[in-house]
Amino acid sequence: MMHFFQRLGNTTLASFAKLGRSSFFLTHVLSAIPATIIHPRLLINQLYSVGVLSFLIITISGLFVGMVLGLQGFYILSDFGAEETLGIMVAASLVRELGPVVAALLFAGRAGSALTAEIGLMKATEQLSGMEMMAIDPIKRIMAPRFLAGFISMPLLTALFSSIGVMGGHIVGVGILGVDDGSYWSQMQAGLDFQDDIINGVIKSIVFGFAISWISLFEGYDAIPTSEGVSRATTRTVVNSAFTILGLDFILTALMFGDI
Amino acid sequence: MATNVDLDTEIVSIQNLSFSRGDKKIFNDISLSIPRGKITAIMGPSGTGKTTLLKLIGGQLYPDKGSIKVDKKNVHQLKRSELYTLRKRMGMLFQSGALLTDLNVFENVALPLKEHTALSDSMIRSLVITKLQAVGLRGARNLKPNELSGGMARRIALARAIALDPMMVMYDEPFTGQDPISLGVLVKLIKDLNSALGLTSVIVSHDIDETLRIADYIYVLSGGKIVGHGSPEQIKNSDSKWVQQFMNGHADGPVHFHYPANDYHEDLFETQQ
Ligand SMILES: Nc1ncnc2c1ncn2[C@@H]1O[C@H](COP(=O)(O)OP(=O)(O)OP(=O)(O)O)[C@@H](O)[C@H]1O
Ligand SMILES: [Mg+2]
């Protein structure tokens with residue numbers, strides 16, 4: 001029993017220590033952001049490897065999620081003879097929830113894990129120490145551009161995901177199941193609110209992008225510098241990002257749409 | 001500890017340094033001083049903390065007790081920006097090379113120049129080519145670090161460490177993995193840098209012959225203490241048992257070849273139970 005409490009205490013202390021280290025890390029990264037914006041060469045490289053290389057997975061997933069929404073939505077709505085409203089149903093689900101959340105989960109799996117592995121290996125092979133000894137701040141040169149790239153890419157990828165999803169719903173709903181093309185779009189136009197839906201979705205994706213970049217960079221930076229340590233850190237990035245995204249999504253949704 | 005180096009000419013001064021990793025005491029109250037413009041060697045058995053000492057000098061690790069001064073500045077009391085200014089004048093060759101894997105050889109050597117100087121691209125290019133020529137790898141400039149052998153990587157890292165013409169370079173095992181020809185060239189290079197540019201060199205090495213040949217002063221570390229120090233002549237003729245054991249490579253003596261462990265026979269016996 002004593003043993004259990006001891007372990008619990010140790011774990012709690014360790015997680016607070018880690019939280020402290022990660023906050024310190026974050027402030028350091030944020031303070032290095034202006035320099036990254038002034039010299040955007042490194043940022044552009046990272047926008048490519050963090051953002052552009054996630055295009056394919058985001059596009060394909062967006063298409064399928066939209067097609068499934070079109071299909072499921074049609075069967076439910078047609079029971080009520082309301083299949084004309086398929087457009088707004090698909091678009092609202094995507095823009096409010098599925099777009100930001102699914103795109104963020106995919107992004108954490110695709111780009112976040114890659115960032116952690118990259119940084120962890122740099123640590124394990126003493127590249128980060130080597131930079132420090134050359135008086136080059138790894139936070140400035142390595143972390144800040146990657147952080148900013150994640151932060152910028154996430155809303156754009158989310159927008160891509162949602163737009164492709166709307167197309168996917170259109171292909172199935174209008175193309176295959178015969179919903180009227182005009183009402184698919186006009187219902188969507190009439191039903192979606194810019195402030196409530198679009199802006200809130202964008203805010204979500206920005207928050208998720210911030211969280212994923214922070215988690216994945218810090219896990220790499222904090223990894224035990226061995227192959228096993230790096231592999232564990234990569235797993236932690238994906239798991240912790242998923243929890244964080246879903247938890248934050250609930251909080252944000254409650255704040256934005258709920259009357260809690 | 002008494003050293004025969006006078007204070008004005010010392011570049012690194014370590015006073016009463018203690019450092020532990022977990023429960024293991026790596027350094028127990030050591031003091032040493034590294035003279036400016038000379039080649040100082042740090043020797044000692046594997047795992048005594050030679051790399052750790054270099055990292056302490058570079059300000060990457062914090063001592064538990066004691067102080068380390070480089071060029072009269074206490075490394076561990078400097079602000080981050082001051083420490084970075086100091087590090088620009090300290091080159092370090094890592095045991096593993098520590099080249100950046102996303103840059104090729106040329107870009108690796110050019111990196112400190114690009115980051116810390118306002119030189120034109122063509123100036124940087126000729127400086128990099130000169131340094132690569134000095135380590136014999138000018139032809140390898142377009143290779144990526146993963147296409148280099150261990151010895152080549154270390155020579156590139158050496159070129160990078162001297163790129164900014166620092167006042168002091170710390171070499172962690174520069175001779176490991178070098179064939180006799182490269183070894184000869186490296187020894188000569190380190191010696192030339194030292195005599196032509198007045199560069200201070202700190203060499204960590206197990207290579208007794210090479211080290212005795214180029215060092216001006218030698219410290220022998222073992223078990224968290226300095227067990228001997230002096231000129232190569234003094235070290236060769238030292239009557240310290242520790243130093244003699246290390247220099248002659250005997251397995252028996254005050255230095256243990258084995259990492260601390262319980263009795264060997266007991267250990268073997270236990271597995272059979
Ligand atoms: N990150 C670390 N965490 C815990 N202990 C460490 C760590 N790095 C090194 N040590 C311990 O510190 C001691 C000194 O290590 P160090 O790398 O300085 O040895 P060294 O003298 O450079 O050896 P070698 O000649 O083999 O390179 C070793 O006993 C090692 O077990
Ligand atoms: Mg070492």
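One finds the CE atom of B:M92 at 11.5 Å from the CD atom of A:E132 (value rounded to the nearest 0.5 Å). Between atom CD of residue A:E126 and atom CG of residue B:D172 there is a gap of 8.5 Å, rounded to the nearest 0.5 Å. To the nearest 0.5 Å, the span separating CD on A:Q127 from CG on B:D102 amounts to 7.0 Å.
Counting heavy-atom pairs closer than 4.5 Å to chain B, the top-ranked of the candidates A:L128, A:D137, A:T125 is A:D137.
Other residues, nucleotides and ligands contribute over 12 non-hydrogen atoms within 6.0 Å of the NZ atom of B:K25. Counting non-hydrogen atoms of neighbouring residues, nucleotides and ligands closer than 6.0 angstrom, the CZ atom of B:R138 reaches no more than 12 such neighbours. In this structure, A:N10 places its CG atom where more than 12 heavy-atom neighbours from other residues, nucleotides or ligands lie under 6.0 Å away. The number of heavy-atom neighbours closer than 6.0 Å to CZ of B:F94, taken from other residues, nucleotides and ligands shown, is above 12. Heavy-atom neighbours of A:L255 CG from other residues, nucleotides or ligands within 6.0 Å: above the threshold of 12. Within 6.0 Å of CZ on B:R141 lie more than 12 heavy atoms contributed by other residues, nucleotides or ligands. More than 12 heavy-atom neighbours from other residues, nucleotides or ligands sit within 6.0 angstrom of NZ on B:K131. No more than 12 heavy-atom neighbours from other residues, nucleotides or ligands sit within 6.0 angstrom of NZ on B:K65.
Tested against B:E115 for a side chain to side chain contact (heavy atoms under 4.5 Å, CB included), the candidates A:K140, A:R141, A:M134 yield a single pass: A:R141.
Contact annotation for A:S129: both backbone and side-chain heavy atoms come within less than 4.5 Å of a heavy atom of chain B. In this structure, chain A has heavy atoms under 4.5 Å from both the backbone and the side chain of B:T101. With a 4.5 angstrom heavy-atom cutoff, B:L83 does not touch chain A via any of its atoms.
Smallest separation of non-hydrogen atoms from B:R87 and A:A135: CB-CB, 4.0 Å. Shortest non-hydrogen contact noted between A:G130 and B:A98 is CA-CB, 4.4 Å.
Proximity of A:H28 to B:R80: side-chain heavy atoms (C-beta onward) are separated by under 4.5 Å at one or more points.
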Going through the distances and angles, do A:M122 and B:L100 end up as a side chain to side chain contact (heavy atoms under 4.5 Å, CB included)?
CA-CA 8 Å; A:M122 283 187 159; B:L100 303 190; 5.7 Å; no

